[in-house]
Amino acid sequence: RRQKPGGLTNDVVFAELDHTDRTMSDTIATLLRESYAVEAELIGARDFPPLRRAAEDIRESQSTFIGCSSKNRLLAVAELEHEDERFTNIAGFVVHPACFRRGIGSRLLKHVLGLVGPPTVTVSTAAANVPAVSLYENHGFSIVKHWSFEDLEMVTLARSLSGNMC
């Protein structure tokens with residue numbers, strides 16, 4: 001078995017997560033808190049809205065959650081909102097801090113892009129979150145909107161899977 005840098009192996013598993021299950025929603029919520037705490041520090045946010053999300057909110061969500069795991073450990077999660085037949089929004093995308101800069105986010109994003117049916121995929125992040133913006137741009141996303149939310153400068157990026165945006 002070939003080792004990846006940082007001790008990660010190639011044996012990661014991608015699967016839809018049952019976020020309505022209490023144990024799974026607790027696991028997702030823990031991963032979100034750990035990852036978003038690092039992002040909040042990176043962008044200088046004192047009160048970061050994603051950190052307010054509770055496991056109960058995850059259980060009640062209408063989103064689809066896709067996880068990346070290795071050895072029964074959840075490494076990364078993408079939350080997908082299927083807005084209509086033309087658009088899918090990545091409502092959340094986190095990687096465990098111990099797995100930053102090891103290709104897990106890139107692998108999960110490739111997997112998610114292979115799953116989605118609508119021709120346009122969008123995602124929003126803080127403009128100051130350079131690693132996230134770079135990840136999305138490296139996978140064919142382009143910034144299509146600048147906006148503000150609770151004193152945070154945000155960007156929305158989009159990727160057209162069909163080759164045209166409309």
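The structure presented is a predicted model; accordingly, all values stated were derived computationally and were not measured. Values reported hereafter were calculated over all heavy atoms of this structure, with side chains retained and with hydrogens, waters and symmetry mates removed.
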Problem set entry | Pair listing, salt bridge (Lys or Arg N to Asp or Glu O under 4.0 Å) test, anchored in residues 34-44, at least two apart | none

For this session: Could I get the full list of side chain to side chain donor-acceptor pair (under 3.5 Å) partners for Ser148, not counting sequence neighbours?
Result: Glu153

Exercise. Under the ring-ring contact (aromatic ring centres under 6.0 Å, His included) test, which residues partner His19, sequence neighbours left out?
Worked result: Phe65

Exercise. Taking C-beta and beyond as the side chain, do Ile58 and Leu32 meet within less than 4.5 Å on heavy atoms?
Worked result: yes

Seminar exercise, completed: Sorted by chain and residue number, the salt bridge (Lys or Arg N to Asp or Glu O under 4.0 Å) partners of Glu79 (sequence neighbours excluded) come out as Arg53

Problem set entry | Sub-4.5 Å side-chain heavy-atom contact between Thr30 and Ile28 | no

Exercise. How would you list, by chain and number, every residue that makes a salt bridge (Lys or Arg N to Asp or Glu O under 4.0 Å) with Asp26, sequence neighbours excluded?
Worked result: Arg59

Problem set entry | Partner set under side chain to side chain contact (heavy atoms under 4.5 Å, CB included) for Ala37, not counting sequence neighbours | Leu51

Problem set entry | Partner residues of Glu81 under the side chain to side chain contact (heavy atoms under 4.5 Å, CB included) criterion, sequence neighbours left out | Ser63, Glu83, Asn89, Ala91

Problem set entry | Short side-chain donor-acceptor distance under 3.5 Å, Ser124 and Thr156 | yes

Problem set entry | Side chain to side chain, Leu80 and Ile90, heavy atoms closer than 4.5 Å | yes

For this session: Measure the shortest side-chain to side-chain distance between Phe141 and Val133 over non-hydrogen atoms and say whether it is less than 4.5 angstrom.
Result: no

Exercise. For residues 135-145, which residue pairs qualify under side chain to side chain donor-acceptor pair (under 3.5 Å), counting only residues two or more places apart or in two chains?
Worked result: Ser106-His139

Problem set entry | Asp47: salt bridge (Lys or Arg N to Asp or Glu O under 4.0 Å) partners, not counting sequence neighbours | Arg52

Exercise. Got a sec, which residues hit side chain to side chain contact (heavy atoms under 4.5 Å, CB included) with Val38, two or more places apart in sequence or on another chain?
Worked result: Pro97, Phe100

Exercise. Between His82 (side chain) and Asp84 (backbone), is there a donor-acceptor pair under 3.5 Å?
Worked result: no

Seminar exercise, completed: Sorted by chain and number, sequence neighbours left out, side chain to side chain donor-acceptor pair (under 3.5 Å) with Asp18 holds for Thr20

